[in-house]
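I have placed the structure first, in the form of structure tokens, so that the comments after it can refer back to it.
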Amino acid sequence: MATRHVGQVRELQVRSADGTLLHVEVRGPEDGPTVVLAHCWATSLASWGPVVRELDPSLRVVLYDQRGHGRSQTPITRAGYGAEKLAEDLCAVLEAAVPEGRKAVVAGHSMGGMTVMAAGAHPVFQDRAAAVLLTNTGCTQLPKRSTAIPLPGPLGTLGSKVFLKAPLPLGPSNPVTTALLKPMIMGRESDPRMVRLCMRMVHACAPVPRGAWGGVMTTLEVEESTRQISAPTVVLVGTEDKLTPPWHAHHIGSLLKDCREVREIPGAGHMGPLEYPRTLSELLGNLAAEHLGARSKAA
């Protein structure tokens, strides 16, 4: 594991079970209560930026780029993609960044939430996760339940599969592509600055891994591993989330051993960390205070 310091950030290169190198960043005091954040499909760890800025500075925050995203290595073959690979990556990050004998609050957004659920049965996850936050995510029936493609029944399902799997460039980031993509992934009242940030990240994601991970999500089934999560868990979703509509949040809540809350955020779309960062930071802070002994920001 290679380490270097860039300003206040400690950067790690963590090797996953199959040898894939993952870019990891650690912020905050080394002895602080730890929060680990897994980002969504087609973005990078930067998508958690608005949440991190709202967190209490006493927290130690661990972020990483999912394989094929940001500064992490892209798998060379199809064997490098799959829910189990996501789980192995998260466990590698937990082993590298959460000292043995300590625990963390683990949060996942969209594909990051799927990562957390896929890891539910892994001993490393069960040992290190003190509490869990899942936002805008699903564990089954993703294309079937999606309303991102406004076509009826099977046509909408097919359209969602095509959208997820297509390994094609999305075109330049401009008002036209933003007008097409924004209604699919963000709420109508989203902050324009957050919309621009989202579009920059999505357009920066390489088409091949984006399409490969989209293909994984078309057949994703992680219900059984979700049932193995015993840590106290909070689940959130936007009422306008079209990629993982509220049905998913309530279904996940029904599977968890210790679901503390399923919360719908009025008017929000799929990009929770960009659309309601303060709500997420408050919940993460509360979970850290309750389960890691952290100082509550509200205190």
Side-chain angles (χ1 to χ4, degrees), residues 1-49 51-52 55 59-77 79-130 132-133 201 204-206 209-210 212-213 216 222 225 231 273 284 292:
M1 180 178 67
T3 305
R4 70 170 187 156
H5 287 82
V6 181
Q8 300 291 318
V9 180
R10 186 161 65 98
E11 296 185 348
L12 314 177
Q13 269 202 329
V14 173
R15 195 174 296 277
S16 191
D18 67 352
T20 299
L21 287 173
L22 306 171
H23 173 72
V24 182
E25 296 185 2
V26 182
R27 303 163 186 264
E30 276 304 305
D31 60 350
T34 301
V35 174
V36 179
L37 306 175
H39 72 79
C40 70
W41 175 60
T43 64
S44 69
L45 59 78
S47 66
W48 283 104
V51 176
V52 174
L55 288 171
L59 293 175
R60 178 174 177 267
V61 184
V62 177
L63 309 102
Y64 71 103
D65 287 324
Q66 302 267 22
R67 59 172 61 200
H69 295 74
R71 295 164 64 183
S72 287
Q73 190 174 5
T74 297
I76 299 173
T77 67
Y81 296 90
E84 185 60 19
K85 297 301 179 184
L86 295 174
E88 290 173 356
D89 291 353
L90 174 58
C91 289
V93 171
L94 290 173
E95 283 193 297
V98 181
E100 191 170 355
R102 291 174 59 183
K103 291 180 179 286
V105 174
V106 183
H109 167 226
S110 188
M111 192 173 85
M114 299 166 202
T115 300
V116 174
M117 290 183 283
H122 283 242
V124 170
F125 176 83
Q126 293 179 346
D127 180 61
R128 299 294 210 279
V132 171
L133 183 148
M201 288 188 288
C205 186
R210 189 190 70 233
W213 281 121
V216 169
V222 290
S225 53
L284 287 168
L292 301 175

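For reference, positions follow the sequence shown, starting with 1.
Under the side-chain hydrogen bond (donor to acceptor under 3.5 Å, both in side chains) criterion, S16 pairs with D89, not counting sequence neighbours. For D18, the side-chain hydrogen bond (donor to acceptor under 3.5 Å, both in side chains) criterion is met by T20, R67, not counting sequence neighbours. A search for side-chain hydrogen bond (donor to acceptor under 3.5 Å, both in side chains) contacts involving T115 returns Q66, not counting sequence neighbours. Under the rule for a side-chain contact (heavy atoms from CB on, under 4.5 Å), the partners of C91 that lie at least two apart in sequence or sit in another chain are A119, H122, V124, F125. For the side-chain hydrogen bond (donor to acceptor under 3.5 Å, both in side chains) test, no residue two or more places apart in sequence or in another chain qualifies with S44.
A heavy-atom distance below 4.5 Å is not found between the side chains of Y64 and V26. No side-chain heavy atom of L45 sits under 4.5 Å from any side-chain heavy atom of L37. By the 4.5 Å heavy-atom criterion applied to side chains, L63 and H39 are not counted as neighbours. Using a 4.5 Å cut-off on side-chain heavy atoms (C-beta onward), R27 and Q8 make no contact. The shortest side-chain heavy-atom distance between L284 and L59 does not fall under the 4.5 Å cut-off. Contact annotation: the side chain of V35 never approaches that of L292 to less than 4.5 Å [non-hydrogen atoms, C-beta and beyond].
Nearest approach of A42 to R210, heavy atoms of both residues: CB-CG, 3.9 Å. For the pair P75 and G68, the tightest heavy-atom approach, listed with the atom from each and the gap, is CD-N, 4.1 Å. Taking all atoms of both residues into account, the shortest heavy-atom contact from H23 to S72 is N-OG, 2.8 Å. Here the shortest heavy-atom pairing between G108 and W48 reads C-CZ2, 4.2 Å. Nearest heavy-atom pair, A231 versus A129, reported as atom, atom and distance to 0.1 Å: CB-O, 3.8 Å. The two residues V14 and A92 make their nearest non-hydrogen contact at CG1-O, 3.6 Å.
In this structure, the side chain of T43 does not engage the main chain of M201 through any donor-acceptor pair within 3.5 Å. One N or O on the side chain of D65 and one on the backbone of R71 form a donor-acceptor pair closer than 3.5 Å. Side-chain atoms of E25 never come within 3.5 Å of backbone atoms of R10 as a donor-acceptor pair (strictly under, hydrogens ignored).
Aromatic ring pairs are classed by plane angle as parallel below 30°, tilted from 30° to 60° and perpendicular above 60°; the pair H69 and W213 is tilted.
Only one option out of V36, V93, L94 pairs with R128 in a side chain to side chain contact (heavy atoms under 4.5 Å, CB included); it is L94.
Within the structure, side chain to side chain donor-acceptor pair (under 3.5 Å) contacts touching residues 91-111 (residues at least two apart or in different chains) are S110-H270.
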